[in-house]
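Below: the structure, in structure tokens.
Naming: A, B, ... by sequence-line order, numbering from 1 per chain. Below, each value reflects all heavy atoms present in this structure, side chains not excepted, and no hydrogens, waters or symmetry copies.
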Protein chains: 2
Amino acid sequence: MPGNTSRPAKVTLNDVATLAGVDRSVVSRVVNGDPKLSVRPETRRRVQETIDKLGYRPNAAARSLRTARAYMYGLFIPDFANPVYAEIIKGAERAAGQLGYGLMTASSGGVRIRLAHYLDLLGQGRADGLLFAGEESGHELEQLRSSKVPWVLVNRRSPGSHRYVILDDERGSLLAVDHLVSLGHRRIAHIAGPESADTARRRRAGYLSAMQGAGLSVDLRHIAHADYTPAGGAAAMEHLLSMPEPPTAVFVANVASAVGVLHAAHAGGLSVPRDLSVIAVHDMPLAGHLVPALTTVRMPLEELGRRALELLASRPPEEDITEVVTDPAEVVVRESTAPPPA
Amino acid sequence: MPGNTSRPAKVTLNDVATLAGVDRSVVSRVVNGDPKLSVRPETRRRVQETIDKLGYRPNAAARSLRTARAYMYGLFIPDFANPVYAEIIKGAERAAGQLGYGLMTASSGGVRIRLAHYLDLLGQGRADGLLFAGEESGHELEQLRSSKVPWVLVNRRSPGSHRYVILDDERGSLLAVDHLVSLGHRRIAHIAGPESADTARRRRAGYLSAMQGAGLSVDLRHIAHADYTPAGGAAAMEHLLSMPEPPTAVFVANVASAVGVLHAAHAGGLSVPRDLSVIAVHDMPLAGHLVPALTTVRMPLEELGRRALELLASRPPEEDITEVVTDPAEVVVRESTAPPPA
DNA sequence: CTGAAAGCGCTTACAG
DNA sequence: CTGAAAGCGCTTACAG
């Protein structure tokens with residue numbers, strides 16, 4: 001066959017065994033570091049040298065077929081455009097890599113057909129487990145349950161599911177509200193996420209209990225719901241500004257919405273933070289460069305991704321996983337919060 | 001074995017064949033839609049029914065081992081936090097799905113060890129091809145070349161490489177500059193991307209030729225380089241503002257930098273667009289909600305991802321691919337551009 | 001029109 | 001301490 005000078009032919013276990021003068025099984029055991037293999041140091045060295053010389057790489061398909069494991073995990077996120085997931089992905093990729101596994105990240109993207117497509121791939125044994133981040137419909141969760149792949153929800157719980165890893169969103173809310181209270185605010189509104197979102201419900205609950213803890217009453221009209229997008233945040237802010245006694249500070253459930261909040265405040269003629277303080281959950285590079293730079297609560301997103309993958313890998317699929325990742329969480333003070341107008 | 005009532009045992013080709021009363025090979029051909037298979041309609045129907053009844057899914061590992069194909073492509077991006085890649089990923093995922101393939105997206109993340117890890121996975125035959133988006137070091141490209149996997153660069157070219165799909169960045173720059181010129185600007189600065197980035201060089205070239213085409217001279221000190229981050233954009237803007245005769249408009253090479261540009265202009269006491277107009281390359285939801293809402297040039301990012309994957313899948317690995325995705329590209333006018341101060 | 005058979009590249013219990 | 005052998009679940013040229 002011409003042309004195979006530049007493209008090296010595939011090297012198999014057999015090739016290594018032949019050249020090293022041992023059986024395939026020995027090579028296999030050396031490659032996999034089988035502790036039960038007792039072999040002369042010299043033989044082991046010769047095998048290793050031959051592996052290096054030929055550039056042998058075990059064939060993943062053959063290995064998977066034999067061991068019934070894919071050495072691959074999957075991670076679904078709703079939307080790559082949401083920067084919150086970048087950190088989660090990073091943590092999960094790191095954890096998978098440390099276990100010698102790959103991570104296949106894909107977006108379910110609200111497009112049901114794509115999720116079905118990937119679940120189909122998974123049904124073919126291409127992944128040994130699945131992380132499922134973000135808010136999806138019950139229908140999709142149903143598909144997930146009916147698949148045979150072990151899975152863990154990330155950053156969300158779901159009714160009747162006992163396999164999830166979440167952040168301590170209540171504590172995040174507490175940090176945010178306390179920051180505003182310490183600046184002297186009393187009329188503190190909350191722009192929450194969608195009511196269907198578990199994270200939104202927990203942040204909302206944290207807001208309510210933090211307000212109560214500070215001895216402040218909550219005007220329920222000061223709680224506006226928005227989806228986790230700039231457009232949603234803008235609409236919610238406009239609504240709050242139209243109220244007879246508008247708040248002096250807003251605690252926003254996420255940074256994407258906060259972008260819209262800042263825009264709407266500006267469009268409404270308010271100066272942030274002079275007329276209105278704004279703080280949001282999740283820190284990211286973008287936040288520090290908004291106009292004005294946004295004060296945030298930094299949450300351990302990367303740690304969340306790492307932990308979720310580790311638990312997926314280490315716990316049996318029928319066992320409950322109900323873990324809350326707490327540290328580190330802290331307020332990052334920038335330009336968008338200040339004492340209320342006198 | 002207890003407990004296998006809830007978890008269905010794995011169904012194989014053999015199970016289907018036995019139950020349907022045909023040979024494995026017939027089932028295989030039905031599953032794969034082999035056009036050379038001539039079988040009685042009734043037999044085909046019976047096989048299909050049995051497949052459905054048992055919920056048979058072909059085992060990917062066995063299939064890959066036999067056919068030496070993984071039915072999977074890989075996509076590397078430098079950083080999930082950069083929203084530019086979200087659209088590219090979307091396009092590539094769609095295209096892969098339509099071919100019946102999966103897409104494994106991973107970040108090389110500047111962390112060399114992670115790229116090495118994934119190239120290792122690929123070396124095991126886990127992907128049939130690789131898309132490589134964004135700017136990486138020559139070292140990483142070297143690794144890529146030495147791997148046996150077909151690859152295509154996305155949104156970048158590289159010296160000596162003839163397999164890439166890029167956008168018409170020169171045209172994007174032309175649209176941006178023309179928009180500013182039509183508003184009456186003459187002192188138009190450019191905040192370019194890093195000199196090492198191919199996209200940055202093409203946008204810079206487009207800026208220069210558009211300025212020339214408009215009969216405007218370019219003060220080379222009006223070209224500032226920044227990396228594609230808010231912090232970089234802010235620093236570059238501060239530099240431009242310190243000049244004796246600052247520009248009345250800035251064409252920024254990407255939206256992430258533009259976030260920092262708006263921040264720096266605001267911090268410097270300038271009102272956008274009254275004192276300074278700003279336009280940036282690539283449109284995304286965020287842009288419409290910055291303060292002020294950012295005028296952009298929308299580029300066909302999703303189409304770029306789709307096209308790259310299609311070409312990766314359809315062209316032989318030794319063949320050159322040098323495609324420029326052009327349409328659609330358009331200026332999205334928002335609040336950040338206006339005529340220059342009188 | 002349908003079936004028998006070889007073989008893809010591994011791993012692993014077992015034999016010696 | 002090392003090797004022979006079976007088999008994971010498929011696909012495909014070939015025989016009938």
Side-chain angles (χ1 to χ4, degrees), chain A residues 8-48 50-51 54-72 100 121 123-126 128 148, chain B residues 8-48 50-51 54-72 100 121 123-126 128 148:
Chain A
K10 193 155 45 176
V11 178
T12 74
L13 207 56
N14 238 333
D15 300 331
V16 176
T18 306
L19 195 60
V22 297
D23 188 81
R24 299 208 307 276
S25 50
V26 176
V27 181
S28 173
R29 285 166 178 129
V30 168
V31 167
N32 296 307
D34 183 350
K36 281 179 296 187
L37 171 69
S38 50
V39 70
R40 265 186 304 215
E42 186 224 308
T43 308
R44 185 186 291 274
R45 204 175 41 75
R46 200 171 68 239
V47 169
Q48 192 55 57
T50 311
I51 288 171
L54 296 181
Y56 168 69
R57 309 265 74 229
N59 178 292
R63 206 165 173 228
S64 291
L65 177 58
R66 184 57 230 239
T67 62
R69 267 187 293 165
Y71 303 95
M72 176 80 75
L121 289 175
Q124 301 172 189
R126 282 159 170 271
D128 300 315
K148 282 154 290 183
Chain B
K10 193 156 45 177
V11 179
T12 73
L13 207 56
N14 239 333
D15 301 329
V16 177
T18 306
L19 193 62
V22 297
D23 188 83
R24 299 209 307 274
S25 50
V26 175
V27 181
S28 173
R29 284 167 178 128
V30 168
V31 167
N32 295 307
D34 183 349
K36 282 179 292 186
L37 171 69
S38 49
V39 70
R40 267 185 304 215
E42 188 225 307
T43 308
R44 185 185 292 272
R45 206 175 38 75
R46 200 173 65 239
V47 169
Q48 192 56 58
T50 311
I51 287 171
L54 296 181
Y56 169 69
R57 309 265 74 230
N59 177 292
R63 208 166 172 227
S64 290
L65 178 58
R66 184 57 230 235
T67 62
R69 267 185 294 163
Y71 303 94
M72 176 79 76
L121 289 175
Q124 301 171 190
R126 284 162 168 266
D128 300 314
K148 283 154 288 183

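Counting only Watson-Crick or G-U wobble pairs whose defining distances are both under 3.5 Å, the stems of 3 or more consecutive pairs in DNA chain D are C:1-3 with D:14-16, C:5-12 with D:5-12, C:14-16 with D:1-3.
Here A:Ser64 lies out of heavy-atom contact (under 4.0 Å) with every strand.
The CD-C1' distance, from A:Glu42 to D:dT2, rounds to 14 Å in whole Å.
When the side-chain nitrogen and oxygen atoms of A:Thr43 are compared with OP1 and OP2 of D:dT2, one or more of them lie within a distance under 4.0 Å.
The side-chain contact (heavy atoms from CB on, under 4.5 Å) search around B:Asp15 returns B:Val11, B:Thr12, B:Leu54, not counting sequence neighbours. Qualifying side-chain hydrogen bond (donor to acceptor under 3.5 Å, both in side chains) partners for B:Arg29, counting only residues two or more places apart in sequence or in other chains: none.
In this structure, B:Gly125 and B:Ala70 approach most closely via the heavy-atom pair O-CB, 3.3 Å. Between B:Met72 and A:Arg126, the closest heavy-atom pair is CE-NH1, 3.0 Å.
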Distance-only donor-acceptor hits, side chain of residues 57-66 of chain B, under 3.5 Å, sequence neighbours excluded:
residue : atom : partner  : partner atom : Å
B:Arg57 : NH1  : A:Asp120 : OD1          : 2.7
B:Arg57 : NH1  : A:Asp120 : OD2          : 2.9
B:Asn59 : OD1  : B:Ala61  : N            : 2.8
B:Asn59 : OD1  : B:Ala62  : N            : 2.8
B:Arg63 : NH2  : B:Asn32  : OD1          : 3.1
B:Ser64 : OG   : B:Ala60  : O            : 3.0
B:Ser64 : OG   : B:Arg69  : O            : 2.8

Using residues 16-25 of chain B as the side-chain source, report each donor-acceptor pair under 3.5 Å to any protein atom, sequence neighbours left out, with the distance given to one decimal.
residue : atom : partner : partner atom : Å
B:Thr18 : OG1  : B:Asn14 : O            : 2.8
B:Asp23 : OD2  : B:Ser25 : N            : 2.8
B:Asp23 : OD2  : B:Ser25 : OG           : 2.6

What does nucleotides 9-16 of chain D look like as a protein-contact string, B for base, S for sugar-phosphate only, - for none, at under 4.0 angstrom between heavy atoms?
-> BBBBBB--
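The only option from B:Arg44, B:Arg46, B:Arg45 that meets the salt bridge (charged side-chain N to carboxylate O under 4.0 Å, His left out) definition with B:Glu42 turns out to be B:Arg46.
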